[in-house]
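To start, the structure itself, in structure tokens.
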Amino acid sequence: MKFGGTSVAGAEQIKRAAGRIVAAREAGNRVVAVLSARGKTTDELVAQAHEISARPVAREMDMLLSTGERISCALCAMAIHDMGHEAISLTGSQAGIVTDSSHTKARIIDVRADRIRQALEQDRIVLVAGFQGVSTASRDVTTLGRGGSDTTAVALAAALHAGVCEIYTDVSGVYSADPRIVPDARKLAVVSFEEMLEMAASGARVLQLRSVEYARNHGVRIHCRSSFEDGPGTLVVSEEETMEQPFVTAVTHSDAEARVTLTGVRDEPGVAGRIFTALAEANVNVDVIIQNEPVGDDQLADLSFTVDRDDLPTAQDEIAKLGDIAVRIRAVDQIGKVSIVGAGMRSHPGVAAKVFQVLGEEGINIEMISTSPIKISCVIAADRVADAVRALHAAFELGADAVRPEDAAGSDHTSTVAG
Ligand code: ADP
Ligand code: ASP
Ligand code: MG
């Protein structure tokens with residue numbers, strides 16, 4: 001069971017999470033629960049670091065950020081004790097979460113869960129601090145990137161061969177769009193790993209991208225549900241298990257990206273390789289890339305790409321280190337992106353055309369486009385993102401009123417957004 005930040009925000013919520021954990025134990029399960037930092041704790045810790053330093057050292061950032069989830073676990077263990085059960089809280093390191101040493105974005109490379117197994121054998125409920133691990137190479141504390149508690153939970157579920165990995169959050173499951181932007185978004189009863197990967201990669205932060213990757217690679221069943229109400233939630237399963245493939249499943253968005261444009265890039269083999277190798281080695285994820293045809297007597301090209309806004313300073317440093325690779329380098333730190341995702345898109349022509357037409361009718365200019373077989377993303381002005389999401393959601397008829405075969409299974413449409 002994993003509880004996100006809103007689900008452990010105050011004393012009441014921690015007791016409620018403890019109650020759910022105890023109920024699962026009393027129903028005869030052995031329970032490992034992963035907790036996130038309370039409420040906005042991680043944001044506050046990040047802000048504290050930036051009050052001290054413009055570019056905080058990554059190792060120390062991890063020492064700082066990893067404290068948030070430890071607080072939640074210790075408090076929840078106290079609550080469980082008061083309910084008459086034995087509980088033990090563990091840091092990521094104590095729980096055996098072994099990572100590489102890329103601070104603030106570490107990857108889990110091994111889970112050595114003996115200590116958890118031992119505690120379960122002793123009939124204890126185990127609480128594990130999410131979002132963190134330890135690098136065996138450097139023996140330092142690492143964190144797994146924002147939203148990383150989801151990945152802790154999935155990795156532990158895989159290592160312990162858990163029946164299911166339940167992700168308790170502040171919405172009732174995975175929706176056809178962020179329910180905070182589209183009030184009539186429809187809760188999806190099931191979603192395939194492939195679609196969920198594209199959704200997470202394009203901004204649906206309900207599950208961290210790496211947690212979905214990990215679950216797909218290790219065959220972990222994810223059940224995403226509300227920590228505030230009982231309901232069927234959303235199952236993330238393999239594509240064969242999904243009953244239907246609507247051609248569009250969801251509209252996602254992101255407003256946490258930035259764009260870098262290099263003008264006057266020499267048009268010769270190897271230049272793009274040098275740029276993107278430098279970015280990859282610095283662990284910067286690049287999303288949309290556009291290079292235009294070289295023009296002018298010098299045959300110089302323009303190259304633009306998007307990165308996570310948090311990575312912009314690193315990306316700029318890396319490009320600067322390459323010397324005279326371009327005549328001019330510009331960065332815009334506020335860009336918006338809207339995407340539509342759907343496995344059925346593979347076999348339906350015309351989806352892209354409709355997306356562009358809908359955005360055009362809304363008067364929204366498309367600055368960049370990228371596609372995968374099951375996703376179309378458009379970079380647009382940040383202040384038009386919400387309009388774009390609502391327009392596309394309506395145009396593709398994704399709302400709760402649309403009737404679909406799996407609804408016969410009885411998913412509830414009455415759930416509301418808590419928090
Ligand atoms: P937690 O703290 O529980 O990990 P997050 O804030 O990381 O929760 O993720 C849940 C949030 O994800 C929701 O409150 C919702 O606003 C947002 N979200 C974005 N897109 C979606 C979507 N397609 N379905 C559900 N939630 C979404
Ligand atoms: N507390 C971390 C964050 O806010 C990790 C998580 O909540 O999953 O990103
Ligand atoms: Mg999260």
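Counting starts at 1 for both ligands and their atoms, following the listed order. All values derive from a computational prediction rather than experimental measurement.
Aromatic ring orientation, Phe305 versus Phe276: perpendicular (interplanar angle above 60°, classes split at 30° and 60°). Classified by interplanar angle (parallel below 30°, tilted 30° to 60°, perpendicular above 60°), the ring pair Phe247/Phe396 is perpendicular.
Inclusion of Ser176 in the set of residues having an N or O under 3.5 Å from an N or O of ligand 1 is not warranted. Ligand 1 has no N or O atom lying under 3.5 Å from any N or O atom of Ser36, backbone or side chain. Every N/O-N/O distance between Pro179 and ligand 1 stays at or above 3.5 Å. Polar contact with ligand 1: absent for Ser7 (N/O pair, distance under 3.5 Å).
Taking each of Val206, Thr169, Leu188, Thr249 in turn, the one with a heavy atom nearest to atom 12 (O) of ligand 1 proves to be Val206.
Ser172 OG to Phe228 CZ: the interatomic distance, rounded to the nearest 0.5 Å, is 10.5 Å. Distance OG1/Thr314 to CD1/Ile319: 11.5 Å, rounded to 0.5 Å. Atom-to-atom distance recorded for Ile364:CD1 and Ile380:CD1 is 5.0 Å, nearest 0.5 angstrom. Note that the NZ atom of Lys2 and the SG atom of Cys224 stand 8.5 Å from one another [nearest 0.5 Å].
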>> Evaluate Asp287 against Lys337 for salt bridge (Lys or Arg N to Asp or Glu O under 4.0 Å), listing each step before the verdict.
In response: CA-CA 11 Å; Asp287 185 18; Lys337 194 176 71 178; 2.4 Å; yes
>> Run the salt bridge (Lys or Arg N to Asp or Glu O under 4.0 Å) test on Arg210 and Glu213 for me, step by step, so that the C-alpha distance in whole Å, both residues' side-chain angles and the decisive distance to 0.1 Å come before the verdict.
In response: CA-CA 5 Å; Arg210 281 184 183 170; Glu213 247 166 22; 5.1 Å; no
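Near Ala177, meaning under 4.0 Å from one of its heavy atoms, ligand 1 places the atoms 22 (C), 23 (N). Ligand-side atoms of ligand 1 in range of Tyr175: 22 (C), 23 (N), 24 (N), 25 (C), range being under 4.0 angstrom from any heavy atom. Shown in contact with Asp170 at under 4.0 Å from a heavy atom are these atoms of ligand 1, numbered in order with element: 10 (C), 11 (C), 13 (C), 14 (O). The ligand atoms of ligand 1 that sit less than 4.0 angstrom from a heavy atom of Val174 are 24 (N).
Taking a 4.0 Å cut-off on heavy atoms, Gly173 registers as neighbouring ligand 1.
Contact annotation for Gln208 and ligand 1: no heavy atom of the residue comes within less than 4.0 Å of the ligand. Contacts with ligand 1 closer than 4.0 Å are made by heavy atoms of both the backbone and the side chain of Arg205. Only side-chain heavy atoms of Val171 come within less than 4.0 Å of ligand 1; its backbone N, CA, C and O stay farther off.
The contact shell of ligand 2, taken as protein residues with any non-hydrogen atom closer than 4.0 angstrom, comprises Ser36, Ala37, Thr42, Glu69, Phe131, Arg146, Gly147, Gly148, Ser149.
At a threshold of 4.5 Å between non-hydrogen side-chain atoms, the residues Ile88 and Gln94 do not count as touching.
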